[in-house]
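Only one structure is covered here, and it is reproduced in the block below.
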There are 2 protein chains.
Amino acid sequence: MLILGYQHFFCDLEEKLKALDKFQNLITFISQYVDFTGNDLKSIYDKVEIIQLKKNRIFIDEGEIAEKLAFTNKGYLRVYYNFDGEEITRDITPLHTFATALPSFVSQKPSFEVISAITDCELLIIHRNDLEFLYSNYPKWERLGRRIIEEMFVESQRRIYSFITETAETRYKKLLKQYPDMIRDVPLKYIADFLGIKLQSLSRLRKTIEW
Amino acid sequence: MLILGYQHFFCDLEEKLKALDKFQNLITFISQYVDFTGNDLKSIYDKVEIIQLKKNRIFIDEGEIAEKLAFTNKGYLRVYYNFDGEEITRDITPLHTFATALPSFVSQKPSFEVISAITDCELLIIHRNDLEFLYSNYPKWERLGRRIIEEMFVESQRRIYSFITETAETRYKKLLKQYPDMIRDVPLKYIADFLGIKLQSLSRLRKTIEW
DNA sequence: AAGTTTATTTAACAATTGTTAAATGGTTAT
DNA sequence: ATAACCATTTAACAATTGTTAAATAAACTT
């Protein structure tokens with residue numbers, strides 16, 4: 001009995017260490033924004049769930065109320081919506097960033113956006129209620145939330161500049177440069193959507209590029 | 001002396017009442033996001049400065065570190081940057097919203113963006129230090145900041161969808177519908193930039209539109 | 001391995017938007 | 001009022017991107 005207990009403790013610890021290891025990317029990410037001590041971080045360990053999401057599986061579906069926020073530990077997610085019977089991909093999440101159907105997440109209305117896995121993904125999930133709890137009880141978490149969304153907004157504005165000032169070719173080249181792995185792992189139809197052009201146009205453009 | 005004192009008190013009060021009146025739009029705006037009591041609001045009255053910015057005057061200049069956040073009480077601001085000797089307008093702020101050169105404001109590095117007045121403007125200004133003070137000392141303000149930036153992010157994503165899925169004509173029509181006043185007060189060259197097309201293309205498009 | 005599905009490319013033609021240059025219209029300053 | 005400046009339109013032509021349809025390539029199933 002004692003030994004079993006010990007055994008259990010041991011396994012538990014091992015599992016926790018393994019989990020902590022999986023939090024490394026998340027910790028690195030949030031440390032850019034707020035100075036967290038080990039103690040601050042503890043407040044989140046219990047609340048984060050680690051899930052594996054297989055390729056093409058849906059993380060948040062159309063019509064669903066978004067209750068989950070994901071941090072992409074491995075793999076690529078995409079955000080799209082159904083438009084005229086077609087899927088329009090608005091975003092491909094780079095590794096080690098947050099993703100959710102934000103309009104639904106903040107308004108708690110049914111989502112028009114779908115989030116699904118482009119490749120097999122490992123996601124760190126935090127539920128909205130837990131996040132709200134953290135926000136309400138730890139000012140540092142609220143600050144973190146604000147800082148992260150500020151950065152996301154700035155990045156979003158950068159993308160708008162790119163639509164205004166750059167040709168599709170330039171946008172593609174810059175994407176290649178910024179996320180070389182993405183092209184390897186993400187089908188071109190999603191890349192094309194992301195760039196705001198048709199798949200065939202992207203294909204033509206790839207052929208004529210001079211390096 | 002007594003009378004002078006009384007006079008002064010009277011003027012001061014009147015001025016304060018007048019100022020409060022000017023806060024109405026701001027109060028309405030922030031009340032969408034957080035429930036504020038009169039007391040909560042007091043924490044900001046002293047910190048807000050009301051300025052008049054004449055047409056074409058610059059609010060935040062290139063190279064400057066953005067220290068000010070503006071709420072547009074009257075008039076339109078635009079956000080642009082100098083690209084190849086040309087000014088590229090990324091944003092035209094609708095009435096009663098916040099505007100600053102956010103990349104500079106959050107990073108405290110020199111701004112590549114310029115913010116200037118398209119029309120005569122009345123702006124409610126809050127300084128970054130004061131805002132940081134509010135954020136640090138009143139959780140409600142931090143929450144407000146997060147909620148507002150979340151909304152701005154969602155709006156920004158909507159605009160990215162419009163670049164991906166809509167033609168310039170559709171974008172123009174929707175802009176007209178959403179902000180009918182804007183077209184009256186804002187030169188078309190800025191509208192064209194905002195839509196991501198050239199002035200001449202916008203002009204051609206306006207001619208051929210069927211209503 | 002053969003067959004099925006999905007991803008990507010190719011090509012011809014259409015539509016949209018950019019480019020250059022000039023004309024017209026409207027405002028502002030002297 | 002005239003001149004000077006800025007805003008908008010027009011037009012011809014160029015470049016980019018969309019559309020449709022098909023061919024090829026690659027990945028997945030049985």
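Per chain, numbering begins at 1; letters A, B, ... match sequence-line order.
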In whole angstroms, how far is the P atom of D:dA7 from the CG atom of B:D185? 14 Å
Could you list the donor-acceptor pairs under 3.5 angstrom formed between side-chain atoms of residues 101-112 of chain A and any protein atom two or more places apart in sequence or on another chain?
from: A:S104; atom 1: OG; to: A:A66; atom 2: N; distance (Å): 2.8
from: A:S104; atom 1: OG; to: A:K109; atom 2: O; distance (Å): 2.6
from: A:S107; atom 1: OG; to: A:P103; atom 2: O; distance (Å): 2.7
from: A:S107; atom 1: OG; to: A:K109; atom 2: N; distance (Å): 3.3
from: A:Q108; atom 1: NE2; to: A:A66; atom 2: O; distance (Å): 3.0
from: A:Q108; atom 1: NE2; to: A:F105; atom 2: O; distance (Å): 3.1
from: A:S111; atom 1: OG; to: A:E113; atom 2: N; distance (Å): 3.0
from: A:S111; atom 1: OG; to: A:E113; atom 2: O; distance (Å): 2.7

Between D:dA7 (P) and B:R206 (CZ): distance, integer Å: 14 Å
Which residue pairs satisfy the side chain to side chain donor-acceptor pair (under 3.5 Å) criterion with at least one member in residues 181-190 of chain B, sequence neighbours excluded? none
Please determine which of B:F23, B:W141, B:F36 meets the side chain to side chain contact (heavy atoms under 4.5 Å, CB included) test together with B:I44. B:W141
Over all heavy atoms of both residues, which pair between B:K68 and B:I60 is shortest? Give the atoms and the distance, please. O-CD1, 3.7 Å
Ring centroid separation B:Y81 to A:Y161 under 6.0 Å: yes
From CD1 of B:I118 over to C1' of D:dA7, roughly how many Å is that when rounded to an integer? 14 Å
With a cut-off of 3.5 Å and sequence neighbours excluded, list every side-chain donor-acceptor pair involving residues 143-150 of chain B.
from: B:R143; atom 1: NE; to: A:E142; atom 2: OE1; distance (Å): 3.3
from: B:R143; atom 1: NH2; to: A:E142; atom 2: OE1; distance (Å): 3.2
from: B:R146; atom 1: NE; to: A:E142; atom 2: OE2; distance (Å): 2.5
from: B:R146; atom 1: NH1; to: B:E150; atom 2: OE2; distance (Å): 2.8
from: B:R146; atom 1: NH2; to: A:E142; atom 2: OE2; distance (Å): 3.2
from: B:R147; atom 1: NH1; to: B:Y33; atom 2: O; distance (Å): 2.9

Provide, to the nearest angstrom, the distance between the CD1 atom belonging to A:I183 and the P atom belonging to C:dT8. 10 Å
Please tell me whether B:R171 and B:S162 have a donor and an acceptor in their side chains that are separated by less than 3.5 angstrom. no
Provide, to the nearest angstrom, the distance between the CD1 atom belonging to B:I209 and the C1' atom belonging to D:dT8. 15 Å
Would you please name every residue forming a side chain to side chain contact (heavy atoms under 4.5 Å, CB included) with A:E62, sequence neighbours left out? A:N82, A:V114
Whole-Å distance separating the NZ atom of A:K189 from the C1' atom of C:dT5: 11 Å
How does protein reach along nucleotides 10-28 of chain D, written 5' to 3' as B (base within reach of a heavy atom under 4.0 Å), S (only sugar-phosphate), or - (no contact)? BS-----BBSBB-------
How far does the helix from C:dA1-D:dT30 to C:dT30-D:dA1 bend, going by the axes of its first and last five pairs, to the nearest 10°? 40°
